[in-house]
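Just so you know, ligand 1 is whichever comes first in the structure, and atom 1 is the first atom listed for that ligand.
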Amino acid sequence: MTERVDPGELRARFARSLSQLYGSEVPAYTTLVEVCEEINAEVLDRPGVDAERFGSIDRVTAERHGAIRVGTAEELGQVARIFGACGMYPVGFYDLREATVPIPVVSCAFRPIEEAELAANPFRVFTSVLVIDDRRFFDERLTDELGEFLAARRLFDDELLELADAAERDGGLSEDRAARFLKLATEAFALSPEPIDRAWYERLEAVSSVAADIGGVRSTHINHLTPRVLDIDALYARMQRRGITMIDAIQGPPRTDKPDVLLRQTSFRALAEPRAFVEPDGSVGTGELRVRFGEVEARGVALTRAGRELYDSGGIDAFPDTDEELDAADLAYYTRVDGALKPIVYEDFLPRSAAGIFASNLSRDTVADAAQRAASRDAAWLAEALGRPLHDPYVLYDVQRGRA
Ligand code: OOG
Ligand code: NI
């Protein structure tokens, strides 16, 4: 029998191959990764600092999250099969339509869900699906036209999906088939050179840049790929010094002397990338679009529901100062290893930061009419579209803690 490339190895290779692709497409990403590695090495050398408190340096160095956006339930189901091959399962329900700056999508994260798999390679992909029938954003005519446009495109070809199904069914692929799967999967997320119908794109863009990015083109692409850094404040300053303009702030909890909780993120503005357009008169010209950007993140301990409620009510100041107190008050997740408390890393996303990241990179705001009817989308709808269970992050952390 030939050696199989198992889902964990497929995931690690997929993350590397997307990283190579994104580096070739967005050069500032490569700078960001270099600066992250510099800073991580410095933090590792700081005396008295437990740099590996939130995961081994090998895990952190390889760690990436990506973001993709699709248009239909069917496309989402296909994405679930591709990630399923890599041992990445849907977790969490995020409704970004409810954000301060509403975005017409609902989302989940695909990621490994077992401790050993997370430690080996925690690659995760924030995946959003457009809500085309939400009247606050799209009128009936635009809903119909979007539906038709999306139904006529094919993001993933049959060979890729069949390889994905085989990998999931058989617990991996032979070397040859793994290489083929990774090639096709990576290509599916590359920026397409196909000319964009300018009039159609601009009609959608008048409603929402995200709607245009998703439904204005016949392909999908990786929107950003995010490395992990151990000191995000130092990184922010160093990127600025290197001449890369960052967004105004670091999203998520402020810097404190308390244990790091949840997730802090920042990004650099979307870059103008040349794209081909079909003009209304039928001629093909070039233009540029700013849709893809670079983001970086630092991760802390996962909060329990109670901890999260406290955080959401604005209470970082109300958090205790030590791991022991956070654990005793059941505000954050820890395991006990040889008598010592070990934080369980937050593996998910924050809707407020996600909306902030979306918004800070849009060329213009979403136009929403709050008086119109919302389309109903919830975790059950998402699970149905995915064709598989949608995991509740708290249940996963409870299991990891072993005190469910
Ligand atoms: C996703 C934005 C959310 C994050 O890190 O919070 C995200 C997108 O831009 O498609 O990636
Ligand atoms: Ni992101």
Check ion pair R299-D348 (N to O, under 4.0 angstrom) | no
Roughly, to 10 degrees, what angle do E295 atom OE1 and H65 atom NE2 form around the Ni ion (ligand 2)?
-> 90°
What residue and heavy atom of the protein are closest to atom 3 (C) of ligand 1, and at what distance?
-> A354 CB, 3.5 Å
Can we say E117 and R11 salt-bridge, meaning some charged N sits less than 4.0 Å from an Asp/Glu carboxylate O?
-> yes
Can you find a non-hydrogen atom of H65 under 4.0 Å from ligand 1?
-> yes
Please state whether the rings of F14 and F189 are parallel, tilted or perpendicular, taking 30° and 60° as the class boundaries.
-> tilted
Nearest-neighbour protein heavy atom for atom 10 (O) of ligand 1, which is reported as residue plus atom name and distance | R69 NE, 2.8 Å
For atom 8 (C) of ligand 1, what is the nearest protein heavy atom, given as residue, atom name and distance?
-> F358 CZ, 3.3 Å
E297: heavy atom below 4.0 Å from ligand 1, yes or no?
-> no
Side chain to side chain donor-acceptor pair (under 3.5 Å): pairs with one or both residues in residues 47-57, sequence neighbours excluded = R53-D323
Near E295 (heavy-atom distance under 4.0 Å), the atoms of ligand 1 are 4 (C), 5 (O)
Should R135 and D139 count as an ion pair when the cut-off is N to O under 4.0 Å?
-> no
Classify the angle between the aromatic ring planes of Y89 and H391 as parallel (below 30°), tilted (30 to 60°) or perpendicular (above 60°).
-> perpendicular
Parallel, tilted or perpendicular, as decided by the 30° and 60° cut-offs, for the rings of F126 and Y94 | tilted
Within a distance under 4.0 Å of any heavy atom of N223, pick out the atoms of ligand 1 and give their elements.
-> 9 (O)
Pairing of R218 and E194 as salt bridge, 4.0 angstrom limit | yes
Backbone or side-chain N or O of H224 under 3.5 Å from ligand 1 N or O = yes
How is the N/O/S atom of H224 that comes nearest to the Ni ion (ligand 2) named?
-> NE2
Check whether any N, O or S atom of E297 sits under 2.8 Å from the Ni ion (ligand 2).
-> no
Considering the heavy atoms of A67, write down every atom of ligand 1 situated less than 4.0 Å from one of them.
-> 1 (C), 8 (C), 10 (O), 11 (O)
